[in-house]
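Heavy-atom basis, side chains included; hydrogens, waters and symmetry copies ignored. What you see is a predicted model, and the numbers here were worked out from it, not measured in a lab.
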Amino acid sequence: METVKEKKTISKTKKAIKISGAEAIIHCLLAEGVDLIYGYPGGAIMPVYDELYKFQDKLTHILTRHEQGATHAAQGYARVSGKVGVALATSGPGATNLVTGLADAQIDSTPMVCITGQVPRHLLGTDAFQETDIVGISTPVTKWNYQITRAEEIPEIVAKAFYIARSGRPGPVLVDITKDAQFEEFDFSYEACVGVRSYNPYPKIDTAKVEAAAALINSAKKPLIVFGQGVILGEAEAQLKALIEKAGIPSAWTILGVAALNSDHPLNVGMVGMHGNYAPNVLTNQCDVLIAIGMRFDDRVTGNLDSYAKQAKIIHFDIDPAEINKNVPTDVAVLGNAKDSLEALLPFVKENEHKAWHTVFKEMYQVEFDTVIEKDIRPTKEKLTMGEVIEQVNLASKNSAVIVSDVGQHQMIACRYAKFNQTKSNITSGGLGTMGFALPAAIGAKMGAMDREVVAIIGDGGYQMTIQELGVIFQHKVPVKIIVLNNDHLGMVRQWQELFFEKRYASTVMVNPDFVKIAEGYHIKSKRVSERSELKSTIEEMLASKEAYFLEVKVEQEDNVFPMIPSGASVSDVRLK
């Protein structure tokens, strides 16, 4: 892949210069430190693309094969780099094709700025060619959006967009710009946004609440921490580790929080949720104090709310006041950035070990290992399993790869069995569950972390939703590694049909193409594995490659993901088989 050149950025441009609105957009992006954009051109955004052509020595544009691919690539880039992802699209269908990515970024708190072209302002509301009300359409799935109709608005609005996208609880912002505003000339100057009236992204830490939380933690006999992506977004990994080690608290994670704590940490007790680990799910309903850090009590984590942790005192650390008491009533709520909140908490927390409580977790883990895990990662059956593929990736990468997963059985298996020794290593579509996410997101993740190995884990169903983004890998020489776990089914839907619909497999059987030939058509090195004897050496070969590599692994067709909490059941009603 071409390396992104070192870019010179301007934090302030106080001296006014007369330029077009389109050129002003480029200057705004450069001032915000943007050096990489994903997008797809069209008529209403063409003036901006003309300026991009002139500034290509300072700003790299990646032509995706679909606008949805641009948003997911921007998400992957943002999630692994910590920067704001940027996507460009034209009006009408170009803009509406961004909506899935916007919705995904909104629910997963990913900082992203999408800029769309729009018909000239005198045509607004006339049903002009490729006109659509993207501001109205995207309002429910963006943190903020705005339509620019005059060039002079551009500097202030773009600066505000980046500030809102990255501050507080991050999220996507959309800026829609009419075509005439892109052509208009005005006296341009730029100043970064440092605040917005009535928007308070960083709540002041309430010391009394912190002390109350510490008192509950210190008096607990069976405490449990559940941490989410808020720890990663708040850069609070060190503070989380310090807290759990000082207080000796078993700590479980949501799928977006997993890499905040090393997988092999002795106090890491696994994943909570529908396909989470046995011990943390069951013991959620036995702990006496539940400490939620940077997580939102999603229904896939809590199961039936009527029976969720009713015996426990609930402490909730979160930056977003809208999440407090939304799903689970709290006894103590501490508002603020996770890093600041945990730093404030640490001096008040007493040292502890909770040895007997830890023993319960270890005993229950052994039950899960004997019943589920060993069969997943060290199977004796003839057909390959998804779990053993992930285990071989762990071994070959020494737990250091960025794993980007799509949505389905393979996602749950990847989240359960992938091992991490570095933060920002698990990239997946958590809240929205977007099939087709992984391939473009892996492209963005690799471009955001060229020094790291990025492995996409994808099912045969989701892969075909954005398979055209292989063209980006080919054109831009992105050395991403792709593993398709092919069971010739929409696996997760098939599992539910088997367990709850008496094996009526309605529209879940996939008649797939030759994935290897398709990848070879994009000049990507490819291989198919169906025998266990080939798996280890092929994964090692894949990770050793300096170029992109596609690997299709034929896995067991009727291999289910366990443990599993049935929909609507309590977290303690975990099925191990």
K419 atom NZ, neighbour heavy-atom count above 12 within 6.0 Å: yes

With a sphere of 6.0 Å drawn around NZ of K326, does it hold more than 12 non-hydrogen atoms of other residues, nucleotides or ligands? yes

Is the NZ atom of K222 crowded by more than 12 outside heavy atoms at less than 6.0 Å? no

Is the shortest side-chain heavy-atom distance between I324 and T330 below 4.5 Å? yes

Quick one: do M364 and V282 satisfy side chain to side chain contact (heavy atoms under 4.5 Å, CB included)? Show the steps, please. CA-CA 9 Å; M364 295 186 73; V282 171; 3.6 Å; yes

Report the C-alpha separation of E498 and N560 in whole Å, then their side-chain angles, then the decisive distance to 0.1 Å, and conclude whether the side chain to side chain donor-acceptor pair (under 3.5 Å) test is met. CA-CA 9 Å; E498 176 187 337; N560 290 332; 3.2 Å; yes

Output yes when a side-chain donor or acceptor of R452 lies under 3.5 Å from a complementary backbone atom of V80, and no otherwise. no

Of E540, Q392, E391, which is the lone residue that meets side-chain contact (heavy atoms from CB on, under 4.5 Å) with L535? Q392

Kindly say whether the aromatic ring centers of F515 and Y463 come within a distance under 6.0 Å. yes

Taking atom NZ as the centre, does K536 end up with more than 12 heavy-atom neighbours from other residues, nucleotides or ligands that are less than 6.0 angstrom away? no

Restricting to non-hydrogen atoms, name the atom on G276 and the atom on P563 that form the minimum distance, rounded to 0.1 Å. O-CG, 3.5 Å

Under 3.5 Å, is there a donor on one side chain and an acceptor on the other for R528 and N486? no

Quick one: pull up CD1 in I205 and CG in N337 and give me the separation to the nearest 0.5 Å. 7.5 Å

Measuring from atom CD1 of I458 to atom OG1 of T466, what distance do you get when rounded to the nearest 0.5 angstrom? 6.5 Å

Minimum heavy-atom distance between N262 and Q422, given as atom pair plus value: OD1-N, 4.1 Å

Give a yes or no on this: more than 12 heavy atoms of other residues, nucleotides or ligands lie within 6.0 Å of atom NZ of K143. yes

Give me the atom names and distance for the closest heavy-atom approach of E469 to G69. OE2-CA, 3.8 Å

Within the 4.5 Å heavy-atom criterion, are E541 and K527 side-chain neighbours or not? yes

Within the side chain of N304, is there an N or O that forms a donor-acceptor pair under 3.5 Å with the backbone of A569? no

Is the shortest side-chain heavy-atom distance between D108 and L256 below 4.5 Å? yes

Has E547 got more than 12 heavy atoms of other residues, nucleotides or ligands less than 6.0 Å from its CD? no

Hey, is the main chain of S429 close enough, under 3.5 Å, to the side chain of Q411 for a donor-acceptor pair? yes

Heavy atoms from other residues, nucleotides or ligands near OH of Y505 exceed 12 (cutoff 6.0 Å): yes

Looking only at heavy atoms, which two atoms of P566 and M564 are closest? And how far apart? CD-O, 3.5 Å

To the nearest 0.5 Å, what is the distance between CZ on R494 and CD on Q409? 5.5 Å

Using side-chain heavy atoms (C-beta onward) and a distance below 4.5 Å, is L485 in contact with V389? yes

Assert yes or no for the condition that the ring centre distance of H316 to F297 is strictly below 6.0 Å. yes

For side chain to side chain contact (heavy atoms under 4.5 Å, CB included), just list the numbers for H410 and M492, CA-CA rounded to whole Å, side-chain angles, deciding distance to a tenth of an Å, and then say yes or no. CA-CA 9 Å; H410 67 278; M492 187 61 81; over 6 Å; no

Just so I know, are the side chains of L345 and L243 near enough to count as touching, which here means a heavy-atom distance under 4.5 Å? yes

Would you call E453 and K481 a salt bridge, using N to O less than 4.0 angstrom? yes

Show, in sequence, the C-alpha distance, side-chain angles and deciding distance for E237 and T423, and conclude whether the side chain to side chain donor-acceptor pair (under 3.5 Å) test is met. CA-CA 8 Å; E237 295 91 342; T423 190; 2.6 Å; yes

Let me know which of N512, D559, D460 forms a side-chain contact (heavy atoms from CB on, under 4.5 Å) with N487. D460

For D376, the side-chain hydrogen bond (donor to acceptor under 3.5 Å, both in side chains) test, sequence neighbours excluded, returns Y417

With no hydrogens and no angle check, is any side-chain donor or acceptor of T371 less than 3.5 Å from a backbone partner on E368? no

Give a yes or no on whether R300 atom CZ has more than 12 heavy-atom contacts from other residues, nucleotides or ligands under 6.0 Å away. no

Side chain to side chain contact (heavy atoms under 4.5 Å, CB included) assessment of I457 paired with I413: CA-CA 10 Å; I457 306 293; I413 290 292; over 6 Å; no

Between R296 and D298, is the salt bridge (charged side-chain N to carboxylate O under 4.0 Å, His left out) condition met? List the steps. CA-CA 6 Å; R296 57 188 180 84; D298 173 73; 3.5 Å; yes

Do S572 and N281 have side-chain atoms, one donor and one acceptor, less than 3.5 Å apart? no

Geometric class of the Y365/F369 ring pair [parallel <30°, tilted 30-60°, perpendicular >60°]: tilted

Is there a side-chain contact between R169 and E323 in this structure, where contact means two heavy atoms from C-beta onward sitting under 4.5 Å apart? yes

Student check: side-chain heavy atoms of H265 and E245 closer than 4.5 Å: yes

Using the side chain to side chain donor-acceptor pair (under 3.5 Å) rule, take D104 and T434 through it: C-alpha gap first, then chi angles, then the decisive distance, then the call. CA-CA 7 Å; D104 197 286; T434 304; 2.6 Å; yes

For the residue pair T254 and Q229, confirm or rule out a side-chain donor-acceptor distance under 3.5 Å. no

Interatomic distance, CD1@I314 vs CG@L290, rounded to 0.5 Å, equals 4.5 Å

At what distance, to the nearest 0.5 angstrom, does CD of E353 lie from NZ of K355? 4.5 Å

E388/R532 under salt bridge (charged side-chain N to carboxylate O under 4.0 Å, His left out): CA gap, chis, key distance, verdict: CA-CA 9 Å; E388 67 180 309; R532 185 164 290 116; 2.8 Å; yes

Scanning both residues in full, the closest heavy-atom pair of A220 with V289 reads CB-CG2, 3.5 Å

Heavy-atom pair of closest approach, residues F348 and V210: CD1-CG1, 4.1 Å

Would you say the side-chain atoms of E556 and T385 include a donor-acceptor pair closer than 3.5 Å? no

Here the gap from K339 atom NZ to E235 atom CD, rounded to the nearest 0.5 Å, amounts to 6.0 Å

V226 and I291: CA distance, side-chain angles, deciding distance, side chain to side chain contact (heavy atoms under 4.5 Å, CB included) verdict: CA-CA 6 Å; V226 179; I291 307 115; over 6 Å; no

Hey, does C287 have a side-chain heavy atom less than 4.5 Å from the side chain of Q311? yes

